[in-house]
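Working notes for the structure below.
Letters go in sequence order (proteins before strands), and every chain restarts at 1. This structure is a prediction, so every number in the text was calculated from the model and none was measured.
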Protein chains: 2
Amino acid sequence: MASIKDVAAQAGVSVATVSRVLNSHPSVSPDARGRVLAAVEVLGYRPNAVARSLRTDQTRTLGLVISDVLNPYFTALARSVEEEARGRGYSVIIGNADERPEQQDHHVRTLLDRRIDGLLLSPADGDSPLLTDVARSGTPMVFVDRWVPGLDVPVVRADGHRAVQDLVAHLHALGHRRLAIIAGPAATTTGNERVEAFRDAMRAHGLALPDAYIGQGDFQADSGRRVTEQFLALPEPPEIVFAADNLMALGALDAVRARGLRVPEDIGIAAFDDIPWFVHTAPPITAVAQPTGDLGRAAVRALIDIVEGRAPQSVALPARLVVRSSCGEDTATPRSTA
Amino acid sequence: MASIKDVAAQAGVSVATVSRVLNSHPSVSPDARGRVLAAVEVLGYRPNAVARSLRTDQTRTLGLVISDVLNPYFTALARSVEEEARGRGYSVIIGNADERPEQQDHHVRTLLDRRIDGLLLSPADGDSPLLTDVARSGTPMVFVDRWVPGLDVPVVRADGHRAVQDLVAHLHALGHRRLAIIAGPAATTTGNERVEAFRDAMRAHGLALPDAYIGQGDFQADSGRRVTEQFLALPEPPEIVFAADNLMALGALDAVRARGLRVPEDIGIAAFDDIPWFVHTAPPITAVAQPTGDLGRAAVRALIDIVEGRAPQSVALPARLVVRSSCGEDTATPRSTA
DNA sequence: ATCAACCGTGTAATCGATTCCACGCCCCGA
DNA sequence: TCGGGGCGTGGAATCGATTACACGGTTGAT
């Protein structure tokens, strides 16, 4: 592969001049520029990003560590992150933690070894001293979706309070009173936050949320299945199961089916995270939709702000309720007042 | 961030010795080794992968360019690729082409600029002279799932012939005769191959496959919707629509629903690619399942073979039919012969 | 006419690693 | 006693870029 020296030789100039042409430095004569450009063309020269990074101490690359690639929410996030970054001249390297702290740490370390300019992270459950070190070391860093409390790192996330309140209001209006929730891992902030929002909304509607109606999940389908089975085995099972993410909702759906029960007639299901597939399940699932694309874009902007020395901003974007039929139809209560 | 010089100073040895310790070169005294290791510990030193790559001319990184991150088939593939690569000491950088040749080329170029050791690619529709150049230039490269005919590049893919034959047999047994297919883009090999397999199977069962029953899709949900609408508008619409990938099947499902028709009573749907969600759709979808994990792993092995100078092998792994209820129940024909 | 400013260019240092080569030392055999 | 052969070590070249600095040649102001 041709190097800058080959180009310089071919064009009859020094490597410095070649470099200047390539970086559109002003003081190069049109003649030299032309010869260099021609040489580049002839040789099919492409600058070696590795060498360039070593010298300039910047890679124009962002790292993104997500909790689970198989979760459509995170792939949607990854896509918008990559898009926004590309638009701003950065590349993105994605690491998949699979909800395992060791694997998360592996990726964080590898990314740091590659001297990425900044790190976008949705921390997995379980603590990671590494993360604390990295945050303190001054590496540009932004949390997306989830975060680690106590670290001075900007967070870009969805605020589900309002949407969860809308959800509970919707369920209440449909006549449901016994609502249960499948929570995320206690150590993830989103896990807690969603439970809190739900608890608040329940209280506001004068509904009780007994401990038996709070199941511990881990954001994976299996845990949704397991918790739902426990709910169904209760002397007084809930009328609605609200899963804190889309995968657990899927597990819940499975468990209900396996019992030979129907949704929503026998039991209703709702989910945090809206994904394209929820339109096609039987029945279509009522969900709290996060503005995933906006989150990804905002996160990249915040991160690049840090990288380029500007003041970053934490962002919380509102989520919104998308009503479908998995908790019962509400066509019986028309809203029009004509 | 500490460099090898800092470690050398701290340990009171030269950088050469530090390097030798780090690369477990034999001729280093236990004493020196101990001091270096201690210094590494104290400084929290991590070797700069950029510098190392520049010197050694290898990055221990593989590039993976997939056609669409939002397609669960490709995320599953990406996951297994990353896993296998990690197990062998390589990292993976993923690029998402979004089925757009220019974006694919952008990623290929960026990956090459970063001097990845090898490239795993599932080429998008449309031709790309760049790909031909890269293949000819001797860059280690392997195609997964799709490929570009005429290039001397190993291909790792699923062979769907048998499974598609099983599918047609299954449909035939259920009494269906008018079967239609939503093809992928003509220029993608998988697109053609799946149509050919289908055509062969139809012929084997003495069934006609009129042109009107072959729709042109592009592997995206929208095209599935559009083509299905055309099928439904036919004087004699098909009894079954077979989509050449999972996204188009979803679009087909949408189109059928939008018409107020039921699946499978009014029209059946089947898909190439099996994904976890197909269990949860209404109704669960009959599909041809690719051994995605095995494909990813085999692809990485083939690529690393090239990178490390061994002879690579093209691989075709058999796909298999997974019968669900989207084409009609076949519980009426028990297989047991007890 | 003189000098400063400026322009285009090249030389060389530099980034952080790896690795070839040489050097000093010790041990062993002749 | 002397020489050859490891062994452990350090010096320095090298990878491919960027960039500070120096240099020669114009140009314009005084």
Looking for any heavy atom pair under 4.0 Å, which part of the strands does B/S3 touch: base, sugar-phosphate only, or nothing?
sugar-phosphate
Any residue meeting side-chain hydrogen bond (donor to acceptor under 3.5 Å, both in side chains) with A/D133, in chain and number order, not counting sequence neighbours:
none
Donor-acceptor side-chain pairing of B/E82 and A/H107 below 3.5 angstrom:
yes
Value in whole Å for how far the P atom of D/dA13 lies from NZ of A/K5
13 Å
Select from B/R115 and B/D31 the residue whose nearest nucleotide in DNA chain D is closer to the 5' end of that strand.
B/D31
For the helix from C/dA1-D/dT30 to C/dA30-D/dT1, measure the angle between the helix axis at one end and the axis at the other, each built from five pairs, rounding to 10°.
60°
Not counting sequence neighbours, which residues clear side-chain hydrogen bond (donor to acceptor under 3.5 Å, both in side chains) with B/S128? List them please.
B/D105
Just to be sure I understand the geometry, which residues of residues 43-56 of chain B put a non-hydrogen atom under 4.0 Å away from DNA chain D?
B/L54, B/R55
Hey, which of B/N48, B/T59, B/T61 is the one that makes side-chain hydrogen bond (donor to acceptor under 3.5 Å, both in side chains) with A/R114?
B/T61
Across all chains, not counting sequence neighbours, the salt bridge (charged side-chain N to carboxylate O under 4.0 Å, His left out) partners of B/D57 are none
Check: residues 32-41 of chain B side-chain donor-acceptor pairs under 3.5 Å, at least two apart:
unit_1	atom_1	unit_2	atom_2	d
B/R35	NE	B/A11	O	3.0
B/R35	NH1	B/D31	OD2	2.6
B/R35	NH2	B/A11	O	3.3

Flag, side chain of A/S122 to backbone of A/I66, donor-acceptor distance under 3.5 Å:
no
Which residues pass the salt bridge (charged side-chain N to carboxylate O under 4.0 Å, His left out) test with B/D98, sequence neighbours left out?
A/R79
For B/N23, answer base if it contacts any base atom (sugar-phosphate contacts may also be present), sugar-phosphate if it contacts only those atoms, and nothing otherwise; contact means non-hydrogen atoms under 4.0 Å.
sugar-phosphate
Over how many whole Å does the gap from B/R114 atom CZ to D/dA17 atom P extend?
15 Å
Which two nucleotides bound the region of DNA chain C that has atoms under 4.0 Å from heavy atoms of chain B, read 5' to 3'?
C/dC15 to C/dC20
By the 4.0 Å heavy-atom rule, please label B/S29 as base, sugar-phosphate, or nothing.
sugar-phosphate
Please report the interatomic distance CG(B/L22) to CD1(B/I4), rounded to the nearest 0.5 Å.
6.0 Å
Can you name the atoms? Protein N/O to nucleotides 10-12 of chain D N/O, anything below 3.5 Å, with the distance.
unit_1	atom_1	unit_2	atom_2	d
D/dG10	OP2	B/S14	N	2.9
D/dG10	OP2	B/S14	OG	3.1
D/dG10	OP2	B/T17	OG1	2.7
D/dG10	N7	B/R20	NH2	2.8
D/dG10	O6	B/R20	NH1	3.4

A/R52: salt bridge (charged side-chain N to carboxylate O under 4.0 Å, His left out) partners, not counting sequence neighbours
none
Applying side-chain hydrogen bond (donor to acceptor under 3.5 Å, both in side chains), can you list everything that pairs with B/S80, at least two apart in sequence or on another chain?
none
Suppose we screen for salt bridge (charged side-chain N to carboxylate O under 4.0 Å, His left out). Which residues come up paired with B/D152, at least two apart in sequence or across chains?
none
In this structure, how many angstroms lie between the P atom of D/dA17 and the CG atom of A/L22, rounded?
8 Å
I'd like to know if A/D113 and B/R46 make a salt bridge, using a cut-off of under 4.0 Å between side-chain N and carboxylate O.
yes
